[in-house]
S.K.: 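Shown below is the structure under consideration.
Atoms considered below: every heavy atom in the structure, side chains included; atoms not considered: hydrogens, waters and symmetry mates. Atoms within each ligand, like the ligands themselves, are counted from 1 in listed order.
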Amino acid sequence: MRLSKNFLPTLKEVPSDALIPSHQLMLRAGMIRPLGAGVYSFLPLGYRLVKKVMEIIRDEMDAIGGQEFHLPALNPLELWEETGRAKAFGDTMFHVKNRPLVLAPTHEEVICFIAKNHIKSYRDLPQIWYQIQTKFRNEPRPRSGVIRGRQFLMKDSYSLDATWDGLDTSYDLHAEAYKKIFTRAGLKFFIVGASSGAMGGSASQEFMIESEAGEDTCAVCDQCGYAANLEVAASHVTNALREGESKPIEEIHTPNVKTIDELKTFLHIEERFLAKSLVYMKEKTPVLILMMGNDQLNESKLLGILGNEARPLQPDELKALTGADGGSIGPIGLNGFTIIADKRLEGANNLISGANKNDYHLKNIDLQRDVNIQGYHDMRTVQPGEPCPTCNQPLRVVNAIELGHIFKLGTKYADALHAYYLDENGKERPIIMGSYGIGVERIIACHIEQSHDKNGIVWSKSLSPFHVHLVLVNSNNEKIVSVAESLYEKFQESLIDVLYDDRSDVSPGFKFKDADLLGMPLQVIVGEKNVSNGKIEIKDRATGKRDILEIGKVVNYVEKWLES
Ligand code: ATP
Ligand code: MG
């Protein structure tokens, strides 16, 4: 591709509204342009990358037996009401005005609708159906470029199985395909156990890259490789203890003491003796949640226990139900409450908690003796430095970006839409589904997040839009023009993708800056001094290392590099 004839508008300045490197560099490298909040046009260079990513994905999906579909983005609202997801997605789903239609944020419903009409027998199963298609989500504050768009491309696939073992197989096939896809895309990724969110279902894993630009948070162990989304991460912290003999409960006056830290200082006591209370409403029942000391309640773990509809109580509701304000609530003397506690408090005694009376606490609470605990659950958020649950080494808590997500959905969608098949005994059973997504543009942006320097992008060999950036340094010199032109032809004959900077109206310095910004792995520089000695300079974009070669050896050098 010749830069003199093609549309590749690079920018010298960093656009002020782009905050993260991938967003800045995709704008500067002429890959994308914004059209509205979270909506981007892909220009030819950007779309070339999109096509590369899609090719890698198609390859690996076809290799596990995936069959490619193309499903409509415009969906009847009714279908989404049948599964209850019109409500679950809420404002995130775009609705069409004046028509009962929505723009699909994902495609479980449509897949299940097709399966319901055409999968009749266990002999029709298993199936892996996929597509690469535009999704629409009204993301609240899209500000990370194409990492979070309101319109984006997703590879979404769905497995349909007759048995739970079959689902395991389909899921594992996807996990392997995903590893290959992200490796081929040149990404350093890790896999975490995750919570299933609005999708429903049981097992799910996310493929992540560590990045400061990430909106997800994960606990990772560099020692043994344990990694989990903070929504589900665990650590090996010690429990509050059951020790000594349980003394009778006593009321203590704690004027103006509201927080756990204030209580610790006021009573000169270790945190493990303090139980903090939080109250949520599940349907019409208030639920008191006991946490040890300053442990942070993890809402996503909690909602996994109480259901997604549960909500924290407002201060006035709290006062009406307990007689006290936030800092003085406790598990003793409540009526009509369900009480659950964090695992760390299991069976503990001699605890201090609120007295349900402002400015008072109770001491010597024995959870076994005094409280009807309806379940101990892991409900805390892991903190940096806590011991890894598998090897006890300190965990790091890092920001991360999700590249892909695989879910074992089970029969949720088949049940809702009545997608049944007949088993060997002629008995009707719901189809067992899995769902698997990858963000196409996210792969590109994440590659840039992981691979750039102050001068621009550094593409990996496998993802790079071109293998070689051929720079004609001075187009006034006929000799070097003819050398560059002939190299351009030879690269094309050898099927080497080459971006050729043959522009006559920009300075050499400008061309070198653009070459670094655009980030092709090899720069082949055709300049006066070297050419007059029969030589060409090749620069490795990643290392900056320069080699001087005889002109006749350049193509072969690039071919060797491509094979290596
Ligand atoms: P996130 O937590 O980042 O919002 P998600 O859990 O909503 O992601 P899924 O519904 O599992 O994502 O979608 C599958 C994949 O689609 C994600 O792993 C991600 O790569 C991509 N994706 C999701 N939302 C967006 C978006 N708004 N813009 C670009 N890609 C997205
Ligand atoms: Mg999302």
S.K.: Under 3.5 Å, side chain of K284 to main-chain N/O of M281, donor-acceptor pair present?
M.R.: no
S.K.: Using non-hydrogen atoms of the residue, decide whether E441 is closer than 4.0 angstrom to ligand 1.
M.R.: no
S.K.: Would F69 and W129 count as a close aromatic pair, with their ring centres under 6.0 Å?
M.R.: yes
S.K.: Any N or O of F407 that comes nearer than 3.5 Å to an N or O of ligand 1?
M.R.: no
S.K.: Please determine which of L403, I401, D216 meets the side chain to side chain contact (heavy atoms under 4.5 Å, CB included) test together with M208.
M.R.: D216
S.K.: Check the pair K155 / S157 against side-chain hydrogen bond (donor to acceptor under 3.5 Å, both in side chains), numbers first and verdict last.
M.R.: CA-CA 7 Å; K155 185 292 295 175; S157 46; 2.6 Å; yes
S.K.: Given the rule in the side chain to side chain contact (heavy atoms under 4.5 Å, CB included) test, do T390 and H236 qualify, once you have shown the distances and angles that lead to the verdict?
M.R.: CA-CA 8 Å; T390 50; H236 208 179; over 6 Å; no
S.K.: Distance under 4.0 Å to a non-hydrogen atom of G149: what atoms of ligand 1 satisfy this?
M.R.: 26 (C), 27 (N), 28 (N), 29 (C)
S.K.: Between Y40 and H23, is the gap from one ring center to the other below 6.0 Å?
M.R.: yes
S.K.: Side chain or backbone of D156 under 4.0 Å from ligand 1, or both, or neither, by non-hydrogen atoms?
M.R.: neither
S.K.: For atom 2 (O) of ligand 1, tell me which residue out of R150, Q151, E402 has the closest non-hydrogen atom.
M.R.: E402
S.K.: May I ask you to check whether over 12 heavy atoms, not counting those of R48, lie within 6.0 Å of atom CZ?
M.R.: yes
S.K.: Could you name the option among R137, M154, K135 that has the heavy atom nearest to atom 10 (O) of ligand 1?
M.R.: R137
S.K.: Which of the numbered atoms in ligand 1 are below 4.0 angstrom from a heavy atom of G439?
M.R.: 15 (C), 16 (O), 19 (C), 20 (O), 21 (C)
S.K.: As an exercise, identify every atom of ligand 1 less than 4.0 angstrom from a heavy atom of G404.
M.R.: 18 (O)
S.K.: Consider ligand 1: state whether an atom of it lies below 4.0 angstrom from any non-hydrogen atom of I147.
M.R.: yes
S.K.: For F152, is at least one N or O under 3.5 Å away from an N or O on ligand 1?
M.R.: no
S.K.: Check for a donor-acceptor pair, side chain of K408 on one end and backbone N or O of Y171 on the other, with a separation under 3.5 Å.
M.R.: no
S.K.: If hydrogens are left out, which of K155, E139, E215, R148 has an atom nearest to atom 4 (O) of ligand 1, that is, the closest non-hydrogen atom?
M.R.: R148
S.K.: Would you mind telling me if ligand 1 is within reach of the side chain of L403, the backbone, both or neither, using heavy atoms under 4.0 Å?
M.R.: backbone
S.K.: Heavy atom of V146 under 4.0 Å from ligand 1?
M.R.: yes
S.K.: Have a look at H447 and tell me which of F189, W459, F182 forms a ring-ring contact (aromatic ring centres under 6.0 Å, His included) with it.
M.R.: W459
